[in-house]
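Written out below as structure tokens is the structure these notes cover.
Order of appearance sets the numbers: ligands from 1, and atoms from 1 within every ligand. Quick caveat: nothing in here was measured; it's all calculated off a predicted structure.
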Amino acid sequence: MKRHVKPLGEGAFDLLILGGGITGAGVALDAVLRGMKVALIDKGDFASGTSSVSSKLVHGGLRYLEHAAFHLVYEALHERRLLLRNAPHLVYPLKFAIPFYEGSRVPPWKWRAGLTLYDFLAGRSNLRRNRVLSERDAARAFPWLKTVGLHGGAVYFDAQMDDARLCLDVLQTAARCGACVINYAEALAFEQQNGRIAGVRVLDHLSGEEFSVRARQVLNATGPWVDTVCRLAGDDSGPHLRPTKGVHLVVPDRGLTAAFLLLHPADGRVFFVIPWMGKTLIGTTDTLYDDRPETLAVTAEDTEYLLAGHNHHLQPALAAKDILGSFAGLRPLIRTERNEPSSLSREFRVFWSPSGLLSVAGGKYTTYRRMAETVTDMIARRLGRRRPGQTKGKRLDGAPEACWEEFLRNETASLCAKHRLEGRVVVHLLQRYGRRAADVAAYLKGNRALARPIIPGEPDILAEFVYHREEEMAVFPADYLLRRTRLGLFHPEMLQKPFATWEGS
Ligand SMILES: Cc1cc2nc3c(=O)[nH]c(=O)nc-3n(C[C@H](O)[C@H](O)[C@H](O)COP(=O)(O)OP(=O)(O)OC[C@H]3O[C@@H](n4cnc5c(N)ncnc54)[C@H](O)[C@@H]3O)c2cc1C
């Protein structure tokens, strides 16, 4: 995937997508597979909005059953199955534990009923049936749990992912199929003909040049910026969104054998403690946020809330000094009558502006493919295209043709032997790049020094940076550290250091 800006200004596209988060990426892939001429731009890096700061769960969302969102949960559980098949290098099953506590907001019978319904809604897509644990079994299986008031628990299965990498893989797949995707290119204004949008004025932030991109249809897939972009198009009917802020803390590996779904003692909200990439994530908060997305930050209050939640349930307790990093994101949720953040709908909405701009907002990462299919159906109808969606069975570029376990076993042996790499480094490369791990390792042929770790103790190697620059359009330190690798989340001090000093730091 190369950054060729010139084709953007030449000829007319069927579809121009604004926003290179998972929503825009999903539509780009769906539309290009239906034979449309597609362009996608992002004002920053791909996945630099919400799509790199999620909880990294590919899940039905057990907690949405409390709000009777059965359809959403059903759909998400089925999309989970497709993602496990179409991107097995990036999406994998994860065990979850729920402790039952005396006097808790959600009594054990309600958890049991919810889990039975969850299994039922998953149907053939279920990963494994849930299992209820006695008090003794829960305490024995999960020694991190505080046992005062513990009344047993349950385990169930969902899935986990690398969010930013999944977005990049969808974009890379779309680009290989012919989509023109460009980061650091911002939609500044809309160009109209006879009262309808016919193109967009774009600023290339890297060259400083401005140019026009012509398209038969423009899609606004800008997540938390959807209302801003609608206003650019002269549509003041909003706001359509009610964004909420979500914060996660990153702490060292706690040796957890499962993720924990817990209820916060202060307000009874669900939050998670999740093993991820050899570290532990604690999150998330869910608070209304009306300010500009650019001003989003983790506050001392967010940190205290999450530490208090963790320390209420798990031991040993954590203090602020244990935190490696933190990140905040904005959920681009649809505005409804309800005002309670956790009860705001995770459904998505697609709407037309009078000038012909199509906008999509809301939704979840897990259901991005289904959402993209709905949006692309609408665009196809408008453009007179008849080809149906092709993404259900479309494996992403990194996904192997063979069964994942077999691929992992064979490729680990082959790449270790060919490039004299440690097994854990090769497994890391395969889990991040899938089939393309061989392309990353190929950089070692000419320069053995690229086999060195970027940070001692972490499996990421310097060859990855070369691949990011050459094949993934990485430009700035955050592109390499926060989205192509995730090192900046665990070692935020790296983001302050100049490029030249990264190696071995
Ligand atoms: C804390 C948190 C936890 C979450 N956890 C989960 C989870 O575990 N599982 C799950 O399924 N979902 C989860 N979600 C939801 C999911 O992450 C989001 O629904 C999804 O990432 C939204 O993607 P998007 O592409 O719509 O928006 P974004 O990723 O924000 O992308 C929008 C893009 O538009 C670009 N843009 C803005 N203005 C312009 C312009 N003028 N020109 C060009 N580009 C522009 C931005 O730079 C940005 O990259 C979570 C969300 C949050 C906040």
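Looking only at heavy atoms of the protein, atom 19 (O) of ligand 1 is closest to G363 O, 3.3 Å. In this structure, atom 16 (C) of ligand 1 lies nearest to the protein heavy atom Y365 N, 3.7 Å. Here the heavy atom of the protein found nearest to atom 5 (N) of ligand 1 is S55 N, 2.9 Å. Among all protein heavy atoms, the one lying closest to atom 43 (C) of ligand 1 is K43 N, 3.3 Å. Atom 52 (C) of ligand 1 has R331 CG, 3.5 Å as its closest protein atom, hydrogens excluded (heavy atom only). Looking only at protein heavy atoms, the nearest one to atom 47 (O) of ligand 1 is D42 OD1, 2.7 Å. For atom 40 (C) of ligand 1, the closest non-hydrogen atom of the protein is A187 N, 3.9 Å.
Ion pairing of K2 with E471 is present here, as a side-chain N (NZ or NE/NH1/NH2) and a carboxylate O approach within less than 4.0 Å. Here E464 does not pair with R484 in a salt bridge; the nearest charged N to carboxylate O distance is not below 4.0 Å. Between D14 and K37 there is no salt bridge, since no side-chain nitrogen of the basic residue lies less than 4.0 Å from a carboxylate oxygen of the acidic one. Salt bridge annotation for R105-E66: present, with a cationic side-chain nitrogen under 4.0 angstrom from a carboxylate oxygen.
Listed by number with element, the atoms of ligand 1 under 4.0 angstrom from any heavy atom of T284 are 1 (C). Of all the atoms in ligand 1, the ones that sit under 4.0 Å from a non-hydrogen atom of K56 are 8 (O). Near L330, with a cut-off below 4.0 Å to any heavy atom, the atoms of ligand 1 are 53 (C). With ligand atoms numbered from 1 in the order given, ligand 1 contributes 1 (C) to contacts under 4.0 Å with heavy atoms of H248. Applying the 4.0 Å criterion to heavy atoms of G329 picks out, from ligand 1, the atoms 53 (C). Proximity to T222 (heavy-atom distance under 4.0 Å) selects the following atoms of ligand 1: 32 (C), 34 (O), 36 (N), 37 (C), 38 (N), 39 (C), 45 (C).
Contacts between V58 and ligand 1, counted as non-hydrogen atom pairs separated by less than 4.0 Å, are absent for every part of the residue. Contacts with ligand 1 closer than 4.0 Å are made by heavy atoms of both the backbone and the side chain of T50. By the criterion of a heavy-atom distance under 4.0 Å, the side chain of W225, and not its backbone, is placed next to ligand 1. Counting heavy atoms closer than 4.0 Å to ligand 1, residue A221 contributes backbone atoms (N, CA, C, O) but none from C-beta onward. At a 4.0 Å heavy-atom cut-off, ligand 1 touches V53 through the backbone alone.
With distances taken over non-hydrogen atoms, the option nearest atom 8 (O) of ligand 1 out of L57, T23, D163 is L57. Counting only non-hydrogen atoms, the option in A76, S51, G26 that gets closest to atom 21 (O) of ligand 1 is S51. Taking all heavy atoms of G21, G223, G24, S54 into account, the minimum distance to atom 13 (C) of ligand 1 is reached by S54.
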**Request:** Please assess E191 against R214 for the test salt bridge (Lys or Arg N to Asp or Glu O under 4.0 Å), listing each intermediate value before the final yes or no.
**Result:** CA-CA 9 Å; E191 296 176 333; R214 286 186 294 134; over 6 Å; no
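Atom-to-atom distance recorded for D45:CG and L482:CG is 9.5 Å, nearest 0.5 angstrom. Once rounded to the nearest 0.5 Å, the distance linking OG of S48 with NZ of K43 reads 8.5 Å. Put simply, NE2 on H248 and CG on L281 are 6.0 Å apart, with the number rounded to the nearest 0.5 Å. Separating the CD atom in E472 from the CD atom in Q172 is a distance of 4.5 Å, to the nearest 0.5 Å.
Across all non-hydrogen atoms, the minimal contact from G178 to V32 is C-CG2, 3.9 Å. Annotation for A259 and P275: closest pair CA-CD, 3.7 Å, computed over non-hydrogen atoms. Nearest heavy atom pair, residue T284 against residue L306, reads C-CD2, 4.1 Å.
Residue contacts with ligand 1: G246 is placed with no nitrogen or oxygen under 3.5 Å of a nitrogen or oxygen of the ligand (distance criterion only).
Relative orientation of the F260 and F142 rings is perpendicular, given thresholds of 30° and 60° on the angle between their planes.
Ligand 1 is never approached by K245 to a heavy-atom distance shorter than 4.0 Å.
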